[in-house]
Number of protein chains: 4
Amino acid sequence: MGSCYGRNFRVQIFGQSHSAAIGVVIDGLPAGTAIDIDELRVFMKRRAPGQSAISTARREADEPEFLSGLVDGTTCGAPIAIMIRNKDTRSDDYRELRDIPRPSHADYSAHIKYKGYQDVAGGGHFSGRLTAPLCAAGGICLQILRNIGITVTSRVTQVGQAMNITDIREAEKEILNAKKDGDSVGGVIECVINGVPAGLGTPMFDGIENKIAAIVFGIPGVKGVEFGNGFAAVGLRGSENNDSFYMDGDTVKTRTNNSGGILGGITNGMPIVFRAAIKPTPSIGIEQKSVSLSKGEDTVLQVKGRHDPCIVPRAIPCIEAAAAIAIYDAYLEK
Amino acid sequence: MGSCYGRNFRVQIFGQSHSAAIGVVIDGLPAGTAIDIDELRVFMKRRAPGQSAISTARREADEPEFLSGLVDGTTCGAPIAIMIRNKDTRSDDYRELRDIPRPSHADYSAHIKYKGYQDVAGGGHFSGRLTAPLCAAGGICLQILRNIGITVTSRVTQVGQAMNITDIREAEKEILNAKKDGDSVGGVIECVINGVPAGLGTPMFDGIENKIAAIVFGIPGVKGVEFGNGFAAVGLRGSENNDSFYMDGDTVKTRTNNSGGILGGITNGMPIVFRAAIKPTPSIGIEQKSVSLSKGEDTVLQVKGRHDPCIVPRAIPCIEAAAAIAIYDAYLEK
Amino acid sequence: MGSCYGRNFRVQIFGQSHSAAIGVVIDGLPAGTAIDIDELRVFMKRRAPGQSAISTARREADEPEFLSGLVDGTTCGAPIAIMIRNKDTRSDDYRELRDIPRPSHADYSAHIKYKGYQDVAGGGHFSGRLTAPLCAAGGICLQILRNIGITVTSRVTQVGQAMNITDIREAEKEILNAKKDGDSVGGVIECVINGVPAGLGTPMFDGIENKIAAIVFGIPGVKGVEFGNGFAAVGLRGSENNDSFYMDGDTVKTRTNNSGGILGGITNGMPIVFRAAIKPTPSIGIEQKSVSLSKGEDTVLQVKGRHDPCIVPRAIPCIEAAAAIAIYDAYLEK
Amino acid sequence: MGSCYGRNFRVQIFGQSHSAAIGVVIDGLPAGTAIDIDELRVFMKRRAPGQSAISTARREADEPEFLSGLVDGTTCGAPIAIMIRNKDTRSDDYRELRDIPRPSHADYSAHIKYKGYQDVAGGGHFSGRLTAPLCAAGGICLQILRNIGITVTSRVTQVGQAMNITDIREAEKEILNAKKDGDSVGGVIECVINGVPAGLGTPMFDGIENKIAAIVFGIPGVKGVEFGNGFAAVGLRGSENNDSFYMDGDTVKTRTNNSGGILGGITNGMPIVFRAAIKPTPSIGIEQKSVSLSKGEDTVLQVKGRHDPCIVPRAIPCIEAAAAIAIYDAYLEK
């Protein structure tokens, strides 16, 4: 259990890195919604590997096949099932990992939870590859949200030591430096959702912050989520941090947006702003200390296979997809 | 909807700041569990107002009355209902708030969501007072968790500009300074959960991070949640951030705990560590700019009533309660 | 877990027959809905005991106290909590039942599930008394449904051997005969829901039949549920059983309603019709065979206490309440 | 929404009668469970069409392809996705149905719900074909349940006017008579679940009766569900209907099983017994009255295509599959 998200709009993800296919079942879309599949392909391609020097060499077309839910490109009310075949699988690379867990990967915790039966090939169900169906579902939501005036955009604000990034070359330099060393770096992605009407979300545990956090922490590597000015709010006084209201014509707005568009879990009509901290990719070429689970003794590990020195650029569409799903789920609760 | 949390262990909170009562219905506790009600009272008292110079003057005994679910102090399998009567209500203080929303409070977003029918007295269902039943439910979980070797502790690491707090007087000084100015400050609470076995949590959207975030963001004022070294991980290389494994006798441990005890959403047997950022209390004595919703024009607001200059000390048991509920819910999934 | 129903409109019931109180938390009602509490009292009174020669002598005012969720009699968007104090409790009557389970009562299955810690007094959480909060929640739904043109009515069609009842005296005679013998009888209640728009319900497992059955089987004693002509449809040919469509002005109707207003789990605009079979009350005055759980040997049991010879008349409002909750939950999904 | 069932064990069904594929995602199976795929194929074949004179001529191999969740035939903890390609599709047969709804089919109610965008080909998502993935999921549960000593069997007790069936030729005769007339008949299936331990199920709305009914009403054509002696209990006195307990060695048993193994929603260790009433197949060759939705006028309809004169024999494995899923979901709650 766990690979299912949403109440009014539900997304059930399936697959492992090297299973026959990965995919998603999407339930709750209104019938009569036209899906632009070409646009969805373009969106999904932003996440796909093998596109540049700074991402893994594994090549997957990530071609979404719609198994059900559409008639002539339009939703018919039945659940949409999307399948993506896994083609470029190299299970041999991962054989050693069943015994020697990779530091800061899910190998060991999955080994305990699944009693040694977990699929180790490519990280199995824990692989970043599983964000492809997330992007398929989220890409559909992005199209629907845009039709109702809601847009989701995001950008990298930090990569490794490069903070407050304005020029993407700063990030690229940091990543290539890490790659050269057989190492990796993480980053911060900031996501802004414009056009959200006031009044979405429900109090306490189904607020917009809760819903976004609950899905964003499902993206591999995310270790922190903050809204508005987040942790920085702590250093401010209430009089500095409070977003004072004013009338902009007939519309109530706030002069600042330290709250990130959410008060009491409910949107206030200002842009939703959140940031996700993504840790440096745990798969690195450098030799690391680990243990042999079968022998119960310390050992060293040299991770083979193809890995991103930084998943942050490819995580951008994932964050947008996750945010879109969360917002659409909240929107349907209206 | 929204005031309900958990799948295997379910908590349904009810009440408003000035309704007849607030409370919680708790479902999913195993029959035959003895509850130490005196200990629960002591725990709940840590959250209660009116205890010192740095908290609101409102006095509530916060006496939990068990309406159902216990026979002779022991769970009988039926849902536990706990009621806390609201006694010290002063609805007059809040009359103006129906028209003039307090900056960075839920007043305006609730007004839109509930079409003007929301209970404005004392913040209604959005009041920090609703954390009392959260603490009642969480306090029970803490007792059960302790019986299975799991402990939850937390401490304030930052208040306003006072960072890396080791001496509580640093925090107190920061709070009293703000109070003197009719202002407020926020803080960071770090929570550590020891004794959690490896293997709890489920992948993707029901991981431990997702579950903790989904409940902790339900505590009023929380604007950020991070696990392990969280946002600080971004500045590290993978080789620095990865937690290498070693054998401690028969037990697999990690030398560092930058992951905060969670990998792939699943516990790895190391302590769970997370931090929550709590914004400065929005209710301040200083005059603020706002709008009149009835007149559709700018105005100023002078918040009356009794308010905490800093809710962080009182939020500590709330964070512990929330963490305990999330962990117990995950524990029951085993 | 289990005492919670609904997805868009959620009802969480708590309490035992002899706990301090019983009650319900209701979440999902739109803010701004006026509740007629006097009318609710009248509805709940239809379920209350002690009203005639054919029901138990236990007297409970069943006075609902609204703890939260209303401001001046109108919903404010926060969960509604309703408490009913238990006053007339006589725990002594039930002491023997901890050891000797009553035939066809939940005593034994609850004993196994809750490992002997279940509340035996008055049937604990399994008591028919727990239908009082169900009626409180359902009574509110009935008011809301009526405002949108949906009415729920029901009647007894069979009591014991008296079938196709048209005169309530037939039922009364059957009940009094059983009472005279220290015995009990069951019955069939037919419920008709008029004014339901076509298009409510979702396919497969969240259809209207599934939703109604899932709540109606929660009423103690219900052992069968059928829709339209139900089991009688089996004896017909398709050409006889099919409900042919015709135009009634601009409205699509069916000439017959063997489907009970539901096709494919979705309403078709015709009245919803279902029947629930309620077994004879298991508590009877006649001596019965049972076992001593402590001694592990056969024994006999003479049930003391106050019992209905037939719960069917009092179950009528429960069936209506349950149906109203299910329909309103489906309605909110629209 | 709606095509998802279960809390601890979750089944999400997707597909339409003539979509590219149908299938199911199954979440919650413990890792390390070996699945006998050949046995599953044999089970699924019992439901498949085209096997005899009394079922539809449509031929589908119903070959389940496992897309994910298995490693070497054993569950790895990740969700299992099973896909069944639709091969023998003839959409032309169904073109007329978009305008003229078939009596007692979901055509009209789906038309309203999905605003005319529903997939009409072959009944779309409402087709009996969607029970193939239900059988795939249920067939897996049946294997797991058998390993823990629980068996599920069922048989036809009535077909049309042939009641208390003991010889399958009685049913066959009834079906062939209806087929000869271009008509159809329904039936009653009785399901018995042996080996269920006492103590499964939860009170009120998550009892075993509620859970079984909630899934069984998801099988097309089911219009009634009863447990134990069900509706027949109404004609008995309590003293006749009550199942008295006795000791069978160390085991508590009941002399009769009028309760069908369930008391208070919880199993009592006796066999679970329930019956489902399946209406006569609405698709018949005889001309029927209906309406033209586009013209808003009465018309007649001659249903073309391939149809079963009686789906009851093919529904047997569906009932078993549904029961197995419900029981396994309850079992995991333990």
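There is no contact between B:Asp72 and chain C, counting heavy-atom distances below 4.5 Å. Contact annotation for B:Phe126: neither backbone nor side-chain heavy atoms come within less than 4.5 Å of a heavy atom of chain C. Residue B:Leu29 does not touch chain C at all, counting heavy-atom pairs closer than 4.5 Å. Contact annotation for C:Gln12: only side-chain heavy atoms (C-beta onward) come within less than 4.5 Å of a heavy atom of chain B. With a 4.5 angstrom heavy-atom cutoff, B:Thr75 touches chain C only via backbone atoms.
Closest heavy-atom contact between B:Ala81 and C:Phe14: CB-CD1, 3.3 Å.
With a 6.0 Å radius and a threshold of 12 heavy atoms from other residues, nucleotides or ligands, B:Tyr331 has its OH atom at or below the threshold. Atom CZ of B:Phe43 has more than 12 neighbouring heavy atoms from other residues, nucleotides or ligands inside a 6.0 Å radius.
Residues C:Gln16 and B:Val71 are in side-chain contact: their nearest non-hydrogen atoms beyond the backbone lie under 4.5 Å apart. Using a 4.5 Å heavy-atom cutoff, the side chains of B:Pro79 and C:His125 are in contact.
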Fill in: Worked verdict on B:Arg85 versus C:Leu67 for side chain to side chain contact (heavy atoms under 4.5 Å, CB included)
CA-CA 9 Å; B:Arg85 288 277 181 195; C:Leu67 300 179; 4.0 Å; yes

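In terms of heavy-atom pairs under 4.5 Å with chain C, the best-connected choice from B:Arg10, B:Lys115, B:Gln118 is B:Arg10. Between chain B and the residues C:Gly2, C:Gly77, C:Gly124, the largest count of heavy-atom pairs under 4.5 Å involves C:Gly77. With chain B as the partner, the residue from C:Thr74, C:Ile13, C:Val25 showing the most heavy-atom pairs under 4.5 Å is C:Val25. Ranked by heavy-atom pairs under 4.5 Å with chain B, the first of C:Gly32, C:Ser3, C:Gly28, C:Ala110 is C:Gly32. Of the listed residues (B:Cys76, B:Cys4, B:Ala31), the greatest number of heavy-atom pairs within a distance under 4.5 Å of chain C belongs to B:Cys76.
Rounding to the nearest 0.5 Å gives a distance of 9.5 Å between OG of C:Ser68 and CG of B:Asn86.
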